[in-house]
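Worksheet for the structure shown next.
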2 protein chains.
Amino acid sequence: MQRIHHPRREQIHLAGVLDSLSDPTRLEIVLRLDTLGEATCAEFLDACSKTNLTYHLRRLREAGVTRVSPIGTQRFTSLRRKDLDARFPGLLEMIIGFAREAASADA
Amino acid sequence: MQRIHHPRREQIHLAGVLDSLSDPTRLEIVLRLDTLGEATCAEFLDACSKTNLTYHLRRLREAGVTRVSPIGTQRFTSLRRKDLDARFPGLLEMIIGFAREAASADA
DNA sequence: CCTCAAGTCCAAGATCTGTTGAACTTTGAA
DNA sequence: TTCAAAGTTCAACAGATCTTGGACTTGAGG
């Protein structure tokens, strides 16, 4: 299995993070990661197709929002809280908070 | 001149705001609006073409980030701070802050 | 070895974005 | 009434984004 590329902390850019979080599907993924801690793709298959999921998870990873660690045939995705907080203190928590409000308002 | 449409406060959505701010040109516009308070298009003509500017200013307006008030042949654009802060307290200031850091790091 | 489950890769298509030039509208002032 | 300045509209285009189906890879277990 190919090396999975993650940007280094200093390579995480604001526009990229905002962009990756400006998609509803990805915002939903981030919300779930926030509650679950980490998750494999099975956790999101109700939200979109497998192929499509690979795409969205890649976007989040490339933006520096998530980290992916392969274990066996599975890949565990989690939020890069420390790195994001070093770079943009408070931003992730704030966005997650507002997104959660919005999500519960829909329900 | 046609009525200029602005979304109502409750119609401002997180994903829309993040999306409108995930473009470098628009982030730059927001930064300038933050310092200038309000501005006409003349203030941004060094950053992009007139036509293109209309496009970006429209995106910001439609996302609920800016308000536009026509005075004579000019249009004054300003940030909708109160509305944004009512909806997403602290978000705009935080993003502006990080964007400014990033901008000065480039220089 | 064979097979299954987890996930990726690839090519294609539909749609959305950002950008442009040329023509237009509106208003203020000469 | 004519003119210029401020800004919009429109059609067009290149490139990015999202989504899909089908074939593929990789690792674990029987």
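Here is how names work: the chains are called A, B, and so on, in the same order as the sequence lines, proteins then strands, and each is numbered from 1. Values reported hereafter were calculated over all heavy atoms of this structure, with side chains retained and with hydrogens, waters and symmetry mates removed. Being a predicted model, the structure only gives us computed values, none of them experimental.
In this entry the distance linking CD of A/Q74 with C1' of D/dG29 reads 14 Å, nearest Å. Distance, B/I29 CD1 to C/dG18 P: 11 Å, rounded to whole Å. In this structure, B/R75 atom CZ and C/dT25 atom P are separated by 15 Å, rounded to whole Å. Rounded to whole angstrom, the span from the CG atom of A/L18 across to the P atom of C/dT17 amounts to 16 Å. Summarising the geometry, the separation between NZ on B/K50 and P on C/dT25 is reported as 16 Å, rounded to the nearest angstrom. Rounded to whole Å, the distance from CZ on A/F44 to P on C/dA6 is 14 Å. The CD1 atom of B/I71 sits 14 Å away from the C1' atom of C/dG28 (whole-angstrom rounding). Atom CZ in B/R58 sits roughly 10 Å away from atom P in D/dC10 (whole-Å rounding).
Looking at B/D34 and B/R100, a side-chain N of the basic residue comes within less than 4.0 Å of a carboxylate O on the acidic one, giving a salt bridge.
The two atoms that bring B/S20 and B/R59 nearest to each other are CB-O, 4.2 Å, heavy atoms only.
Considering B/D85, B/D83, B/L79, B/L84 as possible partners of B/R81, the one that fulfils the side-chain contact (heavy atoms from CB on, under 4.5 Å) test is B/L79. When each of A/T35, A/L31, A/I29, A/L36 is tested with A/L33 by the rule side-chain contact (heavy atoms from CB on, under 4.5 Å), just one qualifies, namely A/I29. Among B/R26, B/E28, B/R61, the one residue that satisfies the side-chain contact (heavy atoms from CB on, under 4.5 Å) test with B/H56 is B/R26.
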### Summary
Scoring nucleotides 12-24 of chain D by protein non-hydrogen atoms under 4.0 Å (B base, S sugar-phosphate only, - none) yields -----SBBBBB--
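In terms of hydrophobic clustering, with Ile, Leu, Val, Met, Phe, Trp and Tyr side chains grouped at heavy-atom distances under 4.5 Å, A/V30 and A/V68 are assigned to different clusters.
At D/dA28, none of the side-chain N or O atoms of A/T73 fall inside 4.0 Å of OP1 or OP2 (strictly under the cut-off).
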